[in-house]
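A quick write-up on the structure given underneath.
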Protein chains: 2
Amino acid sequence: MGHGHGKGPGQWCHGKFRGCGYRMTTGREAVLDVLSQANEHLSAEDIYMKIHPVYPAIGLTSIYRTLDILVNIGLIHKFDFGHGRARYELTEGPKGKRHHHHLVCTGCGRVIDYTDFIDEEVALLKKTEEGLSKKYNFRIDNHLIQFYGLCDACNRS
Amino acid sequence: MGHGHGKGPGQWCHGKFRGCGYRMTTGREAVLDVLSQANEHLSAEDIYMKIHPVYPAIGLTSIYRTLDILVNIGLIHKFDFGHGRARYELTEGPKGKRHHHHLVCTGCGRVIDYTDFIDEEVALLKKTEEGLSKKYNFRIDNHLIQFYGLCDACNRS
DNA sequence: AAAGATAATGGAAACCATTTTCATTTAGGA
DNA sequence: TCCTAAATGAAAATGGTTTCCATTATCTTT
(Lines give C-alpha, C1' and ligand atoms only; values in the text may rest on other atoms or scores of the structure.)
Protein backbone atom coordinates (compact mmCIF):
# COMPACT_ATOMS: atom_id res chain seq x y z
CA MET A 1 0.00 0.00 0.00
CA GLY A 2 3.09 2.21 -0.15
CA HIS A 3 3.28 3.19 3.49
CA GLY A 4 5.25 6.38 3.92
CA HIS A 5 8.01 4.59 5.82
CA GLY A 6 8.04 6.72 8.90
CA LYS A 7 6.49 10.05 8.05
CA GLY A 8 3.20 9.00 6.44
CA PRO A 9 -0.01 10.89 6.96
CA GLY A 10 -0.47 8.86 10.12
CA GLN A 11 2.06 11.10 11.78
CA TRP A 12 0.15 14.15 10.75
CA CYS A 13 -3.10 12.96 12.22
CA HIS A 14 -1.84 11.23 15.32
CA GLY A 15 -1.97 14.52 17.11
CA LYS A 16 -5.33 15.46 15.73
CA PHE A 17 -6.81 12.20 16.93
CA ARG A 18 -5.26 12.32 20.32
CA GLY A 19 -6.17 15.92 20.75
CA CYS A 20 -9.79 15.00 20.23
CA GLY A 21 -9.58 12.11 22.65
CA TYR A 22 -9.44 9.34 20.09
CA ARG A 23 -6.98 6.45 20.16
CA MET A 24 -4.78 5.72 17.19
CA THR A 25 -5.22 2.23 15.82
CA THR A 26 -4.01 0.19 12.88
CA GLY A 27 -7.33 0.49 11.11
CA ARG A 28 -7.54 4.23 11.49
CA GLU A 29 -4.04 4.69 10.25
CA ALA A 30 -4.78 2.47 7.27
CA VAL A 31 -7.84 4.52 6.35
CA LEU A 32 -5.86 7.75 6.50
CA ASP A 33 -3.12 6.17 4.45
CA VAL A 34 -5.47 5.14 1.70
CA LEU A 35 -7.20 8.51 1.66
CA SER A 36 -3.99 10.48 1.39
CA GLN A 37 -2.65 8.23 -1.31
CA ALA A 38 -5.80 8.44 -3.41
CA ASN A 39 -6.49 11.19 -5.87
CA GLU A 40 -10.11 10.24 -6.42
CA HIS A 41 -13.19 10.34 -4.26
CA LEU A 42 -13.39 7.00 -2.51
CA SER A 43 -16.42 5.23 -1.08
CA ALA A 44 -16.28 3.31 2.17
CA GLU A 45 -16.14 0.09 0.22
CA ASP A 46 -13.39 1.39 -2.06
CA ILE A 47 -11.32 2.03 1.02
CA TYR A 48 -12.17 -1.38 2.42
CA MET A 49 -11.06 -3.03 -0.80
CA LYS A 50 -7.69 -1.33 -0.66
CA ILE A 51 -7.11 -2.07 2.98
CA HIS A 52 -8.35 -5.64 3.04
CA PRO A 53 -5.45 -7.33 1.23
CA VAL A 54 -3.01 -5.75 3.66
CA TYR A 55 -5.03 -5.89 6.86
CA PRO A 56 -7.69 -8.58 6.40
CA ALA A 57 -8.72 -8.24 10.03
CA ILE A 58 -10.13 -4.74 9.57
CA GLY A 59 -13.85 -4.74 8.89
CA LEU A 60 -16.05 -2.43 6.89
CA THR A 61 -17.83 -1.35 10.05
CA SER A 62 -14.69 0.16 11.49
CA ILE A 63 -14.03 1.99 8.30
CA TYR A 64 -17.44 3.60 8.46
CA ARG A 65 -16.78 4.53 12.07
CA THR A 66 -13.39 6.00 11.26
CA LEU A 67 -14.75 7.99 8.33
CA ASP A 68 -17.42 9.37 10.59
CA ILE A 69 -14.84 10.60 13.04
CA LEU A 70 -12.67 12.06 10.30
CA VAL A 71 -15.61 14.02 8.93
CA ASN A 72 -16.44 15.35 12.36
CA ILE A 73 -12.85 16.30 13.06
CA GLY A 74 -12.77 18.03 9.71
CA LEU A 75 -9.94 16.02 8.21
CA ILE A 76 -12.06 14.75 5.33
CA HIS A 77 -15.11 15.82 3.40
CA LYS A 78 -18.08 13.64 2.65
CA PHE A 79 -19.75 14.03 -0.73
CA ASP A 80 -22.84 12.69 -2.36
CA PHE A 81 -22.73 12.67 -6.13
CA GLY A 82 -26.07 10.93 -6.39
CA HIS A 83 -24.90 7.39 -6.90
CA GLY A 84 -26.36 5.96 -3.73
CA ARG A 85 -23.13 5.90 -1.79
CA ALA A 86 -21.12 8.54 0.00
CA ARG A 87 -17.65 9.43 -1.19
CA TYR A 88 -14.82 10.76 0.90
CA GLU A 89 -11.89 13.00 0.19
CA LEU A 90 -9.10 14.45 2.27
CA THR A 91 -9.62 18.08 3.23
CA GLU A 92 -6.95 20.33 1.83
CA GLY A 93 -3.98 19.86 4.12
CA PRO A 94 -0.22 19.84 3.95
CA LYS A 95 -0.22 17.19 1.26
CA GLY A 96 -3.78 17.97 0.21
CA LYS A 97 -4.85 19.03 -3.23
CA ARG A 98 -5.94 22.57 -3.82
CA HIS A 99 -9.50 23.49 -3.00
CA HIS A 100 -11.67 22.47 -5.91
CA HIS A 101 -15.23 22.04 -7.12
CA HIS A 102 -16.86 19.24 -9.06
CA LEU A 103 -18.24 18.45 -12.49
CA VAL A 104 -20.56 15.47 -12.22
CA CYS A 105 -21.50 13.57 -15.36
CA THR A 106 -25.11 12.46 -15.21
CA GLY A 107 -24.41 9.97 -17.96
CA CYS A 108 -21.61 7.80 -16.65
CA GLY A 109 -21.24 9.17 -13.14
CA ARG A 110 -17.70 10.39 -13.62
CA VAL A 111 -16.61 13.19 -11.34
CA ILE A 112 -14.08 15.75 -12.50
CA ASP A 113 -12.33 18.05 -10.07
CA TYR A 114 -11.66 21.49 -11.40
CA THR A 115 -9.67 24.33 -9.97
CA ASP A 116 -10.11 26.72 -12.89
CA PHE A 117 -12.10 29.80 -11.95
CA ILE A 118 -11.84 28.73 -8.36
CA ASP A 119 -10.31 32.04 -7.33
CA GLU A 120 -13.13 34.13 -8.74
CA GLU A 121 -15.66 31.70 -7.40
CA VAL A 122 -14.17 31.69 -3.94
CA ALA A 123 -13.98 35.48 -3.93
CA LEU A 124 -17.67 35.72 -4.76
CA LEU A 125 -18.49 33.00 -2.28
CA LYS A 126 -16.74 34.88 0.45
CA LYS A 127 -18.76 37.97 -0.28
CA THR A 128 -21.94 35.94 -0.45
CA GLU A 129 -21.11 34.20 2.76
CA GLU A 130 -20.68 37.48 4.55
CA GLY A 131 -24.01 38.74 3.35
CA LEU A 132 -25.84 35.56 4.16
CA SER A 133 -24.21 35.21 7.55
CA LYS A 134 -25.39 38.66 8.48
CA LYS A 135 -28.87 38.42 7.07
CA TYR A 136 -29.74 34.98 8.40
CA ASN A 137 -27.33 34.92 11.34
CA PHE A 138 -26.03 31.72 9.83
CA ARG A 139 -22.47 30.68 10.67
CA ILE A 140 -21.20 29.24 7.37
CA ASP A 141 -18.26 26.90 7.57
CA ASN A 142 -18.43 25.03 4.30
CA HIS A 143 -19.79 25.18 0.80
CA LEU A 144 -20.58 22.80 -2.00
CA ILE A 145 -20.52 23.64 -5.69
CA GLN A 146 -21.24 21.08 -8.33
CA PHE A 147 -22.09 21.28 -12.00
CA TYR A 148 -24.14 18.55 -13.57
CA GLY A 149 -24.15 17.58 -17.20
CA LEU A 150 -22.63 15.27 -19.76
CA CYS A 151 -18.91 14.62 -19.99
CA ASP A 152 -16.88 14.48 -23.16
CA ALA A 153 -17.25 10.73 -23.63
CA CYS A 154 -21.00 10.76 -22.98
CA ASN A 155 -21.46 13.70 -25.33
CA ARG A 156 -20.11 11.71 -28.25
CA SER A 157 -22.44 8.77 -27.79
CA MET B 1 -55.56 19.56 -0.67
CA GLY B 2 -56.83 22.75 -2.30
CA HIS B 3 -57.12 21.50 -5.85
CA GLY B 4 -56.89 24.35 -8.30
CA HIS B 5 -60.47 23.85 -9.48
CA GLY B 6 -59.90 23.67 -13.18
CA LYS B 7 -56.57 25.19 -14.03
CA GLY B 8 -54.29 23.50 -11.52
CA PRO B 9 -50.73 22.55 -12.32
CA GLY B 10 -52.11 19.33 -13.77
CA GLN B 11 -53.17 21.30 -16.81
CA TRP B 12 -49.69 22.65 -17.22
CA CYS B 13 -48.06 19.24 -17.17
CA HIS B 14 -50.62 17.22 -19.06
CA GLY B 15 -48.95 18.22 -22.27
CA LYS B 16 -45.48 17.64 -20.96
CA PHE B 17 -46.41 14.13 -19.90
CA ARG B 18 -48.18 13.25 -23.07
CA GLY B 19 -45.43 14.72 -25.16
CA CYS B 20 -43.00 12.38 -23.51
CA GLY B 21 -45.26 9.40 -24.01
CA TYR B 22 -46.53 9.16 -20.46
CA ARG B 23 -50.15 8.75 -19.46
CA MET B 24 -51.81 11.12 -17.05
CA THR B 25 -53.21 9.45 -13.97
CA THR B 26 -54.81 10.45 -10.72
CA GLY B 27 -51.68 9.69 -8.77
CA ARG B 28 -49.42 11.69 -11.03
CA GLU B 29 -51.73 14.65 -10.94
CA ALA B 30 -51.88 14.44 -7.17
CA VAL B 31 -48.09 14.45 -6.89
CA LEU B 32 -47.83 17.51 -9.10
CA ASP B 33 -50.55 19.20 -7.12
CA VAL B 34 -48.76 18.67 -3.84
CA LEU B 35 -45.45 19.80 -5.25
CA SER B 36 -46.81 23.00 -6.71
CA GLN B 37 -48.70 23.82 -3.54
CA ALA B 38 -45.68 23.25 -1.31
CA ASN B 39 -43.09 25.88 -0.60
CA GLU B 40 -40.66 23.52 1.06
CA HIS B 41 -38.55 20.66 -0.16
CA LEU B 42 -40.63 17.52 0.20
CA SER B 43 -39.50 13.94 0.57
CA ALA B 44 -41.32 11.09 -1.14
CA GLU B 45 -42.95 10.21 2.14
CA ASP B 46 -43.97 13.82 2.80
CA ILE B 47 -45.79 13.75 -0.48
CA TYR B 48 -47.34 10.39 0.33
CA MET B 49 -48.59 11.73 3.66
CA LYS B 50 -50.31 14.65 1.97
CA ILE B 51 -51.88 12.56 -0.76
CA HIS B 52 -52.96 9.60 1.33
CA PRO B 53 -55.92 11.19 3.15
CA VAL B 54 -57.40 12.28 -0.17
CA TYR B 55 -56.43 9.32 -2.34
CA PRO B 56 -55.80 6.36 -0.02
CA ALA B 57 -55.41 4.04 -2.98
CA ILE B 58 -52.21 5.65 -4.17
CA GLY B 59 -49.13 3.89 -2.90
CA LEU B 60 -45.67 5.11 -2.03
CA THR B 61 -44.21 3.08 -4.86
CA SER B 62 -46.08 5.07 -7.46
CA ILE B 63 -44.97 8.28 -5.93
CA TYR B 64 -41.36 7.25 -6.26
CA ARG B 65 -42.01 6.27 -9.86
CA THR B 66 -43.70 9.56 -10.63
CA LEU B 67 -40.95 11.59 -9.00
CA ASP B 68 -38.42 9.71 -11.07
CA ILE B 69 -40.22 10.64 -14.25
CA LEU B 70 -40.60 14.26 -13.20
CA VAL B 71 -36.89 14.52 -12.52
CA ASN B 72 -36.08 13.05 -15.91
CA ILE B 73 -38.52 15.32 -17.69
CA GLY B 74 -36.97 18.23 -15.84
CA LEU B 75 -40.11 19.41 -14.08
CA ILE B 76 -38.64 18.92 -10.63
CA HIS B 77 -35.23 18.88 -9.01
CA LYS B 78 -33.99 16.20 -6.66
CA PHE B 79 -31.85 17.29 -3.74
CA ASP B 80 -29.87 15.54 -1.07
CA PHE B 81 -29.26 17.61 2.01
CA GLY B 82 -27.56 14.75 3.78
CA HIS B 83 -30.43 13.50 5.88
CA GLY B 84 -30.69 10.09 4.31
CA ARG B 85 -33.66 10.87 2.11
CA ALA B 86 -34.07 12.71 -1.16
CA ARG B 87 -36.10 15.88 -1.33
CA TYR B 88 -37.94 17.23 -4.32
CA GLU B 89 -38.85 20.67 -5.49
CA LEU B 90 -40.60 22.08 -8.53
CA THR B 91 -38.27 23.54 -11.12
CA GLU B 92 -38.86 27.21 -11.68
CA GLY B 93 -41.94 27.37 -13.83
CA PRO B 94 -44.96 29.59 -14.41
CA LYS B 95 -45.97 29.39 -10.76
CA GLY B 96 -42.50 28.43 -9.64
CA LYS B 97 -40.38 30.29 -7.17
CA ARG B 98 -37.38 32.16 -8.36
CA HIS B 99 -34.18 30.25 -8.85
CA HIS B 100 -32.46 29.93 -5.51
CA HIS B 101 -29.66 28.26 -3.61
CA HIS B 102 -29.59 26.64 -0.20
CA LEU B 103 -28.30 27.18 3.29
CA VAL B 104 -28.20 23.85 5.11
CA CYS B 105 -27.94 23.81 8.89
CA THR B 106 -25.73 20.97 10.04
CA GLY B 107 -27.18 21.30 13.50
CA CYS B 108 -30.92 20.84 13.06
CA GLY B 109 -31.09 20.04 9.36
CA ARG B 110 -33.13 23.07 8.44
CA VAL B 111 -32.83 24.23 4.85
CA ILE B 112 -33.16 27.89 3.97
CA ASP B 113 -33.69 29.02 0.41
CA TYR B 114 -31.99 32.26 -0.45
CA THR B 115 -32.22 34.41 -3.52
CA ASP B 116 -29.92 37.16 -2.31
CA PHE B 117 -26.78 37.46 -4.42
CA ILE B 118 -28.33 35.03 -6.85
CA ASP B 119 -27.84 37.39 -9.77
CA GLU B 120 -24.15 37.83 -9.16
CA GLU B 121 -23.75 34.14 -8.50
CA VAL B 122 -25.59 33.15 -11.61
CA ALA B 123 -23.58 35.60 -13.67
CA LEU B 124 -20.35 34.10 -12.41
CA LEU B 125 -21.69 30.61 -12.85
CA LYS B 126 -22.54 31.33 -16.45
CA LYS B 127 -18.99 32.52 -17.09
CA THR B 128 -17.57 29.52 -15.27
CA GLU B 129 -19.83 27.19 -17.16
CA GLU B 130 -18.64 28.55 -20.46
CA GLY B 131 -15.04 28.05 -19.52
CA LEU B 132 -15.55 24.59 -18.14
CA SER B 133 -17.69 23.52 -21.08
CA LYS B 134 -14.93 24.49 -23.45
CA LYS B 135 -12.03 23.08 -21.49
CA TYR B 136 -13.57 19.74 -20.59
CA ASN B 137 -16.09 19.53 -23.43
CA PHE B 138 -18.68 19.08 -20.72
CA ARG B 139 -22.26 20.03 -21.51
CA ILE B 140 -23.47 21.61 -18.28
CA ASP B 141 -27.19 21.74 -17.73
CA ASN B 142 -27.51 22.20 -14.02
CA HIS B 143 -25.69 23.38 -10.95
CA LEU B 144 -25.90 22.94 -7.22
CA ILE B 145 -24.78 25.47 -4.65
CA GLN B 146 -25.17 24.88 -0.97
CA PHE B 147 -23.68 26.47 2.11
CA TYR B 148 -23.32 24.44 5.26
CA GLY B 149 -23.19 25.78 8.77
CA LEU B 150 -25.24 26.57 11.84
CA CYS B 151 -28.54 28.42 11.67
CA ASP B 152 -29.64 31.19 13.96
CA ALA B 153 -31.41 28.89 16.42
CA CYS B 154 -28.52 26.41 16.57
CA ASN B 155 -26.04 29.24 17.02
CA ARG B 156 -27.71 30.32 20.24
CA SER B 157 -27.63 26.91 21.88
C1' DA C 1 -69.41 3.21 -27.00
C1' DA C 2 -66.84 -1.09 -26.73
C1' DA C 3 -62.50 -3.59 -27.30
C1' DG C 4 -57.65 -4.20 -27.35
C1' DA C 5 -52.92 -3.13 -26.56
C1' DT C 6 -49.94 -1.54 -23.42
C1' DA C 7 -48.61 1.45 -19.72
C1' DA C 8 -49.33 2.15 -14.76
C1' DT C 9 -50.39 0.45 -10.31
C1' DG C 10 -50.10 -1.44 -5.41
C1' DG C 11 -48.36 -4.60 -2.14
C1' DA C 12 -44.87 -7.41 -0.84
C1' DA C 13 -40.41 -8.73 -1.22
C1' DA C 14 -35.83 -7.51 -2.50
C1' DC C 15 -31.99 -4.34 -2.29
C1' DC C 16 -28.13 -2.23 -0.39
C1' DA C 17 -25.48 1.31 1.94
C1' DT C 18 -25.09 2.40 6.47
C1' DT C 19 -25.94 1.67 11.74
C1' DT C 20 -26.57 -0.72 15.76
C1' DT C 21 -25.77 -4.45 19.03
C1' DC C 22 -22.88 -6.96 21.85
C1' DA C 23 -19.36 -9.84 23.36
C1' DT C 24 -14.31 -9.57 22.78
C1' DT C 25 -9.95 -7.23 22.08
C1' DT C 26 -6.87 -3.40 22.41
C1' DA C 27 -4.62 1.14 23.46
C1' DG C 28 -2.44 3.77 26.55
C1' DG C 29 -2.33 5.89 31.22
C1' DA C 30 -1.35 4.34 36.04
C1' DT D 1 2.42 -5.13 34.02
C1' DC D 2 -2.43 -3.94 35.15
C1' DC D 3 -6.58 -1.82 34.43
C1' DT D 4 -10.42 0.63 32.34
C1' DA D 5 -12.57 2.73 28.83
C1' DA D 6 -12.37 2.91 23.99
C1' DA D 7 -12.36 0.34 19.71
C1' DT D 8 -13.32 -3.68 17.17
C1' DG D 9 -15.63 -7.42 14.06
C1' DA D 10 -19.46 -10.20 12.91
C1' DA D 11 -24.04 -10.45 12.48
C1' DA D 12 -28.40 -8.46 12.73
C1' DA D 13 -31.17 -4.44 12.18
C1' DT D 14 -32.48 -0.30 9.77
C1' DG D 15 -34.67 2.48 6.38
C1' DG D 16 -35.06 4.71 2.05
C1' DT D 17 -35.66 3.19 -2.48
C1' DT D 18 -36.41 -0.49 -6.29
C1' DT D 19 -37.97 -4.51 -8.27
C1' DC D 20 -41.45 -8.16 -9.19
C1' DC D 21 -45.67 -9.54 -10.75
C1' DA D 22 -50.42 -10.12 -11.14
C1' DT D 23 -54.17 -6.71 -11.63
C1' DT D 24 -56.11 -2.38 -13.21
C1' DA D 25 -56.51 1.75 -15.85
C1' DT D 26 -55.53 4.77 -19.85
C1' DC D 27 -55.90 5.91 -24.42
C1' DT D 28 -56.12 4.54 -29.19
C1' DT D 29 -58.56 2.00 -32.49
C1' DT D 30 -62.83 0.44 -34.27
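Everything numeric in this text was worked out from a predicted model, so none of it was measured.
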side-chain N/O B:Thr25 vs C:dA7 OP1/OP2, d < 4.0 Å: no
Please confirm whether B:His99 and B:His77 have ring centers closer than 6.0 angstrom. no
Among side-chain atoms of A:Tyr55 and A:Glu29, is any donor-acceptor pair under 3.5 angstrom? no
Taking only side-chain N and O atoms of A:Thr61, does any of them lie within less than 4.0 angstrom of OP1 or OP2 on C:dT19? no
Take the protein atom CZ of B:Arg85 and the nucleotide atom P of D:dT17, then report the distance between them rounded to whole Å. 7 Å
D:dT8 P sits how many Å from A:Tyr48 OH, rounded? 14 Å
Find the distance A:Arg23:CZ to D:dT4:P and express it as a whole number of Å. 13 Å
Side chain of A:Lys78 - closest among D:dC20, C:dT19, C:dA7: C:dT19
On DNA chain D, compare the nucleotides closest to A:Ile63 and B:Asp68; which residue's is nearer the 5' end? A:Ile63
In whole Å, I'd like the distance from the CD atom of B:Glu45 to the C1' atom of D:dG15. 10 Å
A:Arg85 side-chain N/O to A:Ala44 backbone N/O, donor-acceptor pair under 3.5 Å: no
When you match B:Arg18 and B:Tyr64 each to their closest nucleotide on DNA chain D, which lands nearer the 5' end? B:Tyr64
Under a 4.0 Å N-O cut-off, is there an ion pair linking A:Lys50 with A:Asp33? no
Closest of D:dA7, D:dT18, C:dG28 to the A:Arg28 side chain is D:dA7
5'-most contact on DNA chain C: B:Ala57 or A:Ala86, nearest heavy atom basis? B:Ala57
Does a donor on one side chain and an acceptor on the other come within less than 3.5 Å for B:His100 and B:Glu89? yes
Quick one: B:Glu29 CD to D:dC27 C1', roughly how many Å, whole number? 15 Å
Rounded distance in Å - OH (B:Tyr55) to P (C:dT9): 14 Å
Once you round it to whole Å, what is the distance between P of C:dA17 and NE2 of B:His83? 22 Å
Looking only at the side chain of B:Ser62 (C-beta and beyond, no hydrogens), which of the listed nucleotides C:dT9, C:dT18, D:dA10 gets closest? C:dT9
Would A:Asp152 and A:Arg110 pass as an ion pair if we require N to O under 4.0 Å? no
Here the distance between atom P of D:dA7 and atom CD1 of A:Ile58, to the nearest Å, is 15 Å
Distance-minimising heavy-atom pair for A:Gly107 and A:Leu150: N-CD2, 3.6 Å
Estimate the overall bend of the helix from C:dA1-D:dT30 to C:dA30-D:dT1 from the end axes over five pairs each, rounded to 10 degrees. 30°
